[in-house]
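In what follows, chains carry the letters A, B, and so on, assigned in the order in which the sequence lines appear, proteins first and then strands, with residues in each chain numbered from 1. In this text, all values refer to a predicted model and were calculated from it rather than measured experimentally.
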Amino acid sequence: MLDLRLIREQTEFVKERLGSRGDNYDELIDQIVSLDEKRRKIIAEVENLKHRRNLVSKEIGVMMKEGKDVTALREEMRQVGDQINELDALLRNVESELERLTLFVPNIPHESVPVGRDESGNKIVRVWGEPKEFDFEPKPHWEIGEELGIIDFYRGVKLSGSRFYGLKGLGATLERALINFMLDLHTKEHGYTEVFLPFLVKPYCMEGTGQLPKFSEEMYWCERDNLWLIPTAEVSVTNLHREEILDAEDLPLKYVSYSACFRREAGAAGKDIKGVIRVHQFNKVELVKITTPEQSYEELESMVRDACHVLELLKLPHRVVLLCTGDLGFSASKTYDIEVWMPGMNRWLEISSCSNCEDFQARRMNLRYRPYRGAKPRYAHTLNGSGVAVGRTMAAILENYQQKDGSIVLPEVLRTYLKGVERIG
RNA sequence: GGAGCGAUGCCCGAGUGGACGAAGGGACCCGGCUGGAAACCGGGUAGGGCUCAAAAAGCCCUCCGGGGUUCGAAUCCCCGUCGCUCCGCCA
């Protein structure tokens with residue numbers, strides 16, 4: 001959520017910056033500005049009346065003790081009270097509409113974000129490693145997984161429908177090993193605190209991180225209990241300290257969390273239909289930081305490095321991409337994607353996305369910190385990034401480590417997590 | 001799922017219709033005392049909004065959240081959320 005004051009006082013700036021995302025928000029912003037004006041007018045009026053009522057009510061109390069007649073004043077105040085109720089009701093309507101609209105406004109891109117229409121405007125920041133040369137035609141991971149009997153697409157679909165899959169034997173073990181490897185790396189070497197949180201959350205959590213109200217179609221909803229399945233642990237972890245005022249000396253808070261992620265992929269019919277890269281349920285290890293505005297961009301850089309470290313240790317070639325304004329997510333001010341090389345698919349594949357949301361989410365969830373003793377609270381900055389997507393990492397391992405004979409030689413760093421197993425097949 | 005009880009400031013806790021943003025205690029901060037400290041003494045310590053260029057100041061709101069009754073609500077009524085206790089069920 002953007003600061004209403006910013007929208008009010010720098011309307012043109014806000015419109016222009018939002019416009020760089022590729023959609024026009026002028027009309028929405030104009031509606032917000034005019035509702036805000038209306039709101040302030042009503043407030044001025046109703047507060048005057050309340051002030052008067054407070055004074056007179058006190059006086060009535062005093063007069064009653066003195067045995068004076070107060071019927072006339074009482075009657076007058078009853079009328080004032082009616083007016084207040086009317087105005088308050090009006091104000092509630094205006095405020096709820098204002099809030100509703102404001103929740104649909106995306107975050108303002110950071111000034112360092114390149115302006116561009118779509119992913120063609122993204123900038124490659126750096127590349128790590130080189131795509132391996134194969135002396136045979138490398139296969140895509142879905143063929144490898146099926147041939148080795150470690151990924152079961154058919155039965156995943158039998159159980160739950162399209163875009164679900166199952167793992168078996170060393171496939172299941174590898175998935176689990178990857179999760180543990182990533183969690184250990186981030187807790188032991190990068191200083192994150194591990195948390196394990198609910199996968200089902202209240203609607204206000206989804207609103208807090210920006211999935212609701214705009215992206216309800218993308219998520220699974222348990223209607224009976226009005227709970228939502230998280231599309232990423234970003235939701236549960238970032239909301240962990242919602243409505244709190246944190247001490248500055250505790251910042252930055254750095255959390256890492258494993259979670260299953262659930263996505264309806266509503267707008268992706270027919271896209272990436274093969275393999276495990278676009279499915280309704282997948283595992284992810286997520287990084288979240290809560291920090292100060294002064295530190296947040298440094299923290300974004302180090303978060304990207306922490307995520308890349310996973311891929312470096314796995315010796316998977318990857319590159320870091322700075323997203324342009326048109327490719328930026330709703331809540332983000334600045335985002336780096338990390339893309340891994342998939343020799344079987346012959347393309348780069350997003351395996352992590354690290355964003356600084358500045359105070360956009362913090363404002364939605366009322367997450368603040370106190371810069372120093374006695375100071376006014378300020379909104380914190382929140383960051384999130386995959387560290388990294390587990391299913392896609394498994395796919396990348398299958399494709400990058402495949403051998404001519406169809407077997408997989410497992411990355412060395414995983415061997416302690418695989419009880420010494422060195423290859424599959 | 002049933003029954004009952006509860007939610008007050010940073011923490012504990014009083015208040016059950018009128019001067020209450022809220023007694024008292026603790027904690028913390030500042031000052032005094034001291035060679036220094038403890039004890040003691042004095043003072044202070046919530047959030048949001050509106051008016052405003054801003055500051056200052058004033059006003060409004062907030063005693064879990066939302067409605068209502070009333071001239072006036074922390075206090076009375078209704079709804080919701082969360083917590084506790086007992087019963088039932090359950091991995």
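Among the nucleotides B:rU70, B:rG48, B:rG18, the one closest to the side chain of A:Lys376 is B:rG48. For A:Asn85, whose side chain is taken as the heavy atoms from C-beta onward, the closest listed nucleotide among B:rU69, B:rU70, B:rA46 is B:rU69. In this structure, the nucleotide among B:rG47, B:rG72, B:rA19 sitting nearest to the side chain of A:Arg368 is B:rG47. Of the candidates B:rU81, B:rG48, B:rC71, B:rU81 carries the atom nearest the A:Lys202 side chain, counting heavy atoms from C-beta on. Of all nucleotides listed (B:rG18, B:rA19, B:rA46), B:rA19 comes nearest to the side chain of A:Val62.
Taking the P atom of each, B:rC64 and B:rC28 are spaced 27 Å apart, rounded to whole Å. Using C1' as the reference atom, B:rU70 and B:rC30 are 44 Å apart when rounded to the nearest Å. For B:rG72 and B:rA19, the P atoms lie 15 Å apart once the distance is rounded to whole Å. Taking atom C1' on both nucleotides, B:rC63 is separated from B:rA73 by 11 Å, rounded to a whole Å. Only the C1' atoms considered, B:rC33 is 15 Å distant from B:rG43, to the nearest whole Å. Across the P atoms, B:rU16 and B:rC90 are found 46 Å apart, a figure rounded to whole Å. A distance of about 12 Å separates the P atoms of B:rG15 and B:rC76, rounded to the whole Å. With both ends at atom C1', the span from B:rG24 to B:rG88 equals 43 Å, rounded to whole Å.
For the side chain to side chain donor-acceptor pair (under 3.5 Å) test, no residue two or more places apart in sequence or in another chain qualifies with A:Tyr204. A:Tyr258 is linked by a ring pair (Phe, Tyr, Trp, His ring centres under 6.0 Å) to nothing, counting only residues two or more places apart in sequence or in another chain. Under the salt bridge (Lys or Arg N to Asp or Glu O under 4.0 Å) criterion, A:Arg363 pairs with A:Asp3, A:Asp359, not counting sequence neighbours. Partners of A:Ser331 by side chain to side chain donor-acceptor pair (under 3.5 Å), not counting sequence neighbours: none found. Take A:Thr292 and apply the side chain to side chain donor-acceptor pair (under 3.5 Å) test, not counting sequence neighbours, and it matches A:Gln295. Residues meeting the salt bridge (Lys or Arg N to Asp or Glu O under 4.0 Å) test with A:Glu12, sequence neighbours left out: A:Lys15. Annotation: ring pair (Phe, Tyr, Trp, His ring centres under 6.0 Å) contacts of A:His381 (sequence neighbours excluded): none. Residues satisfying the side chain to side chain donor-acceptor pair (under 3.5 Å) test with A:His190, not counting sequence neighbours, are A:His186, A:His309. Shown here are the side-chain contact (heavy atoms from CB on, under 4.5 Å) partners of A:Ile273, two or more places apart in sequence or in another chain: A:Arg163.
The distance from the CG atom of A:Asn400 to the OG1 atom of A:Thr393 is 11.0 Å, given to the nearest 0.5 Å. Between A:Ile230 atom CD1 and A:Thr232 atom OG1 the span is 6.5 Å, to the nearest 0.5 Å.
With the nearest nucleotide of RNA chain B identified for both A:Arg74 and A:Glu59, A:Glu59 has the one nearer the 5' end. Annotation: of the two residues near RNA chain B, A:Glu95 and A:Tyr204, the 5′-most nearest-nucleotide partner is A:Glu95.
Remark: P of B:rA73 and CD1 of A:Ile84 are 10 Å apart, rounded to the nearest angstrom. Put simply, CD on A:Glu243 is 14 Å from P on B:rG48, counting in whole angstrom units. When rounded to the nearest whole Å, the span between CD1 of A:Ile245 and P of B:rG47 equals 6 Å. Note: CE (A:Met64) to C1' (B:rC71) measures 9 Å, nearest angstrom. Here B:rG49 presents its P atom at 22 Å from NZ of A:Lys38, a figure rounded to the nearest Å. Rounded to whole Å, atom C1' of B:rC28 lies 12 Å from atom CZ of A:Arg370. Distance A:Ile60 CD1 to B:rG17 P: 19 Å, rounded to the nearest Å. Summarising the geometry, the separation between CG on A:Asp82 and C1' on B:rU69 is reported as 12 Å, rounded to the nearest angstrom.
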Worksheet entry | Letter per nucleotide, 5' to 3', of nucleotides 60-67 of chain B [B base touched, S only sugar-phosphate touched, - untouched; heavy atoms, 4.0 Å] | BS-----S
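Using a 4.5 Å heavy-atom threshold, the side chains of A:Leu183 and A:Tyr192 count as separate.
Remark: A:Lys65 is not in phosphate contact with B:rA19, judged by side-chain N or O atoms under 4.0 Å from OP1 or OP2. At B:rU51, one or more side-chain N or O atoms of A:Arg40 fall inside 4.0 Å of OP1 or OP2 (strictly under the cut-off).
Nucleic acid contact for A:Ile43: sugar-phosphate only, since backbone atoms but no base atoms lie under 4.0 Å from a heavy atom of the residue.
Listed by residue number, A:Arg5, A:Arg8 are the residues of residues 3-11 of chain A with a heavy-atom contact under 4.0 Å to RNA chain B.
No donor-acceptor pair closer than 3.5 Å links the side chain of A:Arg21 to the backbone N or O of A:Pro109.
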Discussion item. For RNA chain B, please output the secondary structure as dot-bracket, reading 5' to 3'. Pairs are Watson-Crick or G-U wobble, both atom distances under 3.5 Å; mark crossing pairs with [ ], other-strand partners with |, unpaired with a dot.
Written reply: ((((((((.[[[..)..(.....]]]((((((.......))))))((((((.....)))))).[[[[[..)....]]]]])))))))....
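Using modelled atom types and a 3.5 Å distance limit, the side chains of A:Ser355 and A:Asn384 yield no donor-acceptor pair.
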